[in-house]
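First comes the structure, then the notes that go with it.
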Number of protein chains: 2
Amino acid sequence: MPTSAHNTSDSNAPGALLTPSEVATMFRVDPKTVTRWAKAGKISAIRTLGGHRRFHESEVRQLLTGVPEQRDPSA
Amino acid sequence: MPTSAHNTSDSNAPGALLTPSEVATMFRVDPKTVTRWAKAGKISAIRTLGGHRRFHESEVRQLLTGVPEQRDPSA
DNA sequence: TCCAACTGGGGTAATTGGGGGG
DNA sequence: CATGTCCCAATTACCCCAGTTG
């Protein structure tokens, strides 16, 4: 996961994917912790053909915004 | 990622976050006290998916700089 | 193909959260 | 009222090595 100037992390891309390290940096946690969240189902993740995880940037942002859980308002 | 995978000290990052113990050390108080400040709304904090708190480094720095809000002198 | 960096998995120490009492 | 310390349970961080990434 390159941190170069022209890396693939385009915040504008709607379907942008982030690596575990990227998400870890955003939450100020260890990459292994992000993996643990994925295993616990707390965050959705897709796998590469080799088994590595990739996370949706939009979802990560929402979690960071402060929306831990969603309640049905009509309930 | 260039050389550093996940650096623990990303003070240059705009959205840098600090752990409770980090803030506690900066203020020379107990981590529990920092938690109380967060509960009292005296300092904004975001939570990890596991419930742990992370504080904005910029906000902490401003508080340390000595720019406290006007205390209620109406007493 | 080779290579440097990142990732996954397991296991163990340290930190954190929450309540209660001083 | 605010802070520091006690308890325990949960979460997180760092260690190893082998495999994937680009």
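Lettering follows sequence order; numbering is per chain, from 1.
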Distance in angstrom units between A:Leu49 CG and C:dG8 P, rounded: 14 Å
Expressed as a whole number of angstroms, how long is the span from B:Ile46:CD1 to C:dG17:C1'? 16 Å
In whole angstrom, what separates B:Lys39's NZ from D:dA2's P? 12 Å
Taking all heavy atoms of B:Asp30 and all of B:Ala24, pick out the closest pair and write down the distance. C-CB, 3.8 Å
Whole-Å distance, B:Phe55 CZ to C:dT15 P, equals 16 Å
A:Lys42 NZ to D:dA10 P, in whole Å, measures 12 Å
Are the side chains of B:Leu64 and B:Met26 in touch, meaning some heavy atoms are under 4.5 Å apart? yes
Can you list, in residue-number order, the parts of residues 30-38 of chain B that come under 4.0 Å of DNA chain C, counting heavy atoms only? B:Lys32, B:Thr35, B:Arg36
Between atom NE2 in A:His52 and atom P in D:dA18, what is the gap in whole Å? 15 Å
How many Å lie between CZ on A:Phe27 and P on C:dT16, as a whole number? 18 Å
Per nearest nucleotide of DNA chain D, the residue lying toward the 5' end, B:Gly50 or B:Val29, is B:Val29
Does a nitrogen or oxygen in the side chain of B:Arg53 sit under 4.0 Å from OP1 or OP2 of C:dG18? yes
Indicate yes or no for a side-chain donor-acceptor contact from B:Arg53 to the backbone of B:Arg47 under 3.5 Å, with no hydrogens or angles considered. no
Please check the phosphate of D:dT12 (OP1 and OP2 only) for any side-chain N or O of B:Thr19 closer than 4.0 Å. no
Among C:dG10, D:dT11, D:dT21, the nucleotide that comes nearest once only the side chain of A:Thr48 is considered: D:dT21
Counting C-beta onward and ignoring hydrogens, is there a side-chain heavy-atom pair between A:Glu59 and A:Ile43 closer than 4.5 Å? yes
Does the side chain of A:Phe55 reach to within under 4.5 Å of the side chain of A:Ile46, using non-hydrogen atoms? no
B:Thr33 side chain to B:Val29 main-chain N or O, any donor-acceptor pair under 3.5 Å? no
For A:Arg28 against B:Leu18, the heavy-atom pair lying closest together: CG-N, 4.5 Å
Can you give me the bend angle of the helix from C:dC3-D:dG22 to C:dG19-D:dC6? Use the axis through the first five pairs and the one through the last five, nearest 10 degrees. 60°
Would you kindly give the CZ-to-P distance between B:Arg54 and C:dT15, to the nearest whole Å? 13 Å
What is the distance from atom CG of A:Leu17 to atom CZ of A:Arg54, rounded to the nearest 0.5 Å? 8.0 Å
